[in-house]
Amino acid sequence: MDPIRSEFVPDASLTREEMESLQREVAAAATWADVFDFDPGSIGAGGDLATDGDARQATLPPESPLPLVAGVDQAFLDDRAVSVVVVRRGDEIVERAHAVTDLEIPYIPGLLAFREGGPILAAFAELESEPDLVVFDGSGRIHYRQAGLATHIGVTLDVPSVGVAKGLLCGTPDDVVDGRPEGWRTPIRADDDVENAEPGETIGHALQSKQYDSRPIVNPIYVSPGHRVAVDTGTDLVERLCDGYKLPEPTRLADAYADEVKRNVASGG
DNA sequence: GCGACAG
DNA sequence: ATCTTGTCGC
């Protein structure tokens, strides 16, 4: 799978100003509404179709295959990035791709896509299948210019995408997020730190994807649209992909595969 | 000057 | 992100 929109490919040799300017163009090109073919109800739950009615199933195309959902993650080894993409159909892993790339710039909050975007696109270049949805490890719209990693790569590949971050980069939660029960969510709203959004606009959610009964010890995850997915839909999809764990299954699989490749690179080549 | 800051 | 053993019990 190769980049569709080459003009948006994150270039680590740009100046900081050029990077920020490109991010504004990426945000302007992004679509934050549902533009995808698959049935959201066919995501997660082990690939089972949702059955909360009964006359509805007959209207679904019987031959409609489950969507391809990809997880993306990276591991690091000195000045190299190990980037991986793991693609599933239901519970079955149908393809894995990886790339080992030299890192060109350090991590800078707000410019993550310029450090990790190139390596991630290198992994996608090795991928044969075309995912229906890609889950990224990082923010999408929850970003100073609404162009986080999930949005930037999603727009560059023109693929539906969502961002899942373990921490909040910017924006303001509607409610206190600590100690919430599993399944709870609250909007993340644009504040003065988000330069190209209406103040108060919902740009993502804090989602308590996992919690224990007696004592609250798990932090929420921060979900935001990347591209071609609406805010509510993105969080719904991610929630369905969290199969009893804090992180969605695609990212957990990608994380494990990245570690595996990293071990091999560290010892073998 | 101080604090905040995805991975 | 990464360096790391055991330990606790959700």
Side-chain angles (χ1 to χ4, degrees), chain A residues 10 12 16 19-20 23 26-27 71-85 100-121 123 134-154 161-173 177-183 188 190-195 203-226 234-235 238 244-248 251-252 254-263 265-266:
Chain A
R16 183 182 188 116
M19 290 178 177
E20 294 180 354
Q23 288 181 328
V26 166
V72 174
D73 195 27
Q74 304 199 98
F76 300 90
L77 200 54
D78 296 317
D79 271 16
R80 286 178 299 174
V82 175
S83 310
V84 310
V85 186
V100 181
T101 314
D102 289 327
L103 289 164
E104 300 177 43
I105 60 172
Y107 165 68
I108 301 167
L111 299 178
L112 180 65
F114 292 92
R115 171 176 167 85
E116 303 189 352
I120 289 172
L121 289 173
V134 181
V135 180
F136 286 94
D137 195 33
S139 290
R141 275 187 81 179
I142 297 179
H143 180 273
Y144 306 120
R145 290 162 291 280
Q146 295 194 89
L149 182 71
T151 302
H152 203 137
I153 306 304
S161 63
V162 293
V164 177
K166 294 183 274 312
L168 184 61
L169 176 62
C170 62
T172 306
V177 302
D178 303 304
R180 298 302 187 171
E182 192 167 308
I188 303 297
D191 54 24
D192 292 339
D193 291 341
V194 184
E195 66 171 48
I203 56 178
H205 287 103
L207 172 67
Q208 193 71 48
S209 52
K210 168 76 176 174
Q211 190 57 280
Y212 296 107
D213 296 326
S214 61
R215 191 177 11 152
I217 60 176
V218 185
N219 296 134
I221 57 177
Y222 297 90
V223 184
S224 58
T235 303
V238 168
Y245 295 91
K246 171 176 177 172
L247 295 175
T251 42
R252 300 184 70 245
D255 186 70
Y257 184 50
D259 281 343
E260 181 185 327
V261 175
K262 175 182 173 176
R263 287 198 306 270
V265 172

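The figures here come from the full heavy-atom set of this structure, side chains too, leaving out hydrogens, waters and symmetry mates. In what follows, every chain begins at residue 1, and chains take the letters A, B, ... in the order their sequences are listed.
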Rounded distance (Å) that lies between atom P of B:dA6 and atom CD1 of A:I203:
14 Å
Main-chain N/O of A:S209 paired with A:K246 side-chain donor or acceptor, under 3.5 Å:
no
What is the separation between atom NE2 on A:H143 and atom C1' on B:dA4, rounded to the nearest whole Å?
15 Å
Close side-chain approach of A:I108 to A:R16, heavy-atom, < 4.5 Å
yes
At 4.0 Å (heavy atoms only), tell me whether A:I221 reaches a base, stays on the sugar-phosphate, or touches nothing.
nothing
Whole-Å distance, A:I142 CD1 to B:dA6 P, equals 12 Å
With heavy-atom distances below 4.5 Å as the criterion, would you say the side chains of A:Q23 and A:F114 are in contact?
yes
Donor-acceptor pair, side chain of A:R115 and main chain of A:I105, under 3.5 angstrom
yes
With no hydrogens and no angle check, is any side-chain donor or acceptor of A:Q211 less than 3.5 Å from a backbone partner on A:I217?
yes
A:R180 and A:Q208: side-chain donor and acceptor closer than 3.5 Å?
no
Students often get this wrong, so: under 4.0 angstrom with heavy atoms, is A:G163 touching a base, only sugar-phosphate, or nothing?
nothing
To the nearest angstrom, how far is A:L207 atom CG from B:dA6 atom P?
19 Å
What one should report as the nearest heavy-atom pair of A:D259 and A:A75 is OD1-CB, 4.3 Å
Between A:L149 and A:H143, is any pair of side-chain heavy atoms under 4.5 Å apart?
no
For nucleotides 1-10 of chain C, just jot down a letter per nucleotide in 5' to 3' order: B, S or -, based on protein non-hydrogen atoms under 4.0 Å.
SSS------B
Could you state the atom-to-atom distance from CD1 of A:I108 to P of B:dA6 in whole Å?
13 Å
Whole-Å gap separating P (B:dA4) and OH (A:Y107):
15 Å
Between B:dA6 (P) and A:D193 (CG): distance, integer Å:
12 Å
Determine: side-chain N/O of A:Y222 to OP1/OP2 of B:dA6, distance under 4.0 Å, yes or no.
no
A:G148 near the nucleic acid: base, sugar-phosphate alone, or nothing, with a heavy-atom cut-off under 4.0 Å?
base
Main-chain N/O of A:D137 paired to A:Q74 side chain as donor or acceptor, under 3.5 Å:
no
In whole Å, what is the span from the CG atom of A:L169 to the P atom of B:dA6?
6 Å
Contiguous Watson-Crick or G-U pair runs (3 or more, under 3.5 Å) in DNA chain B
none
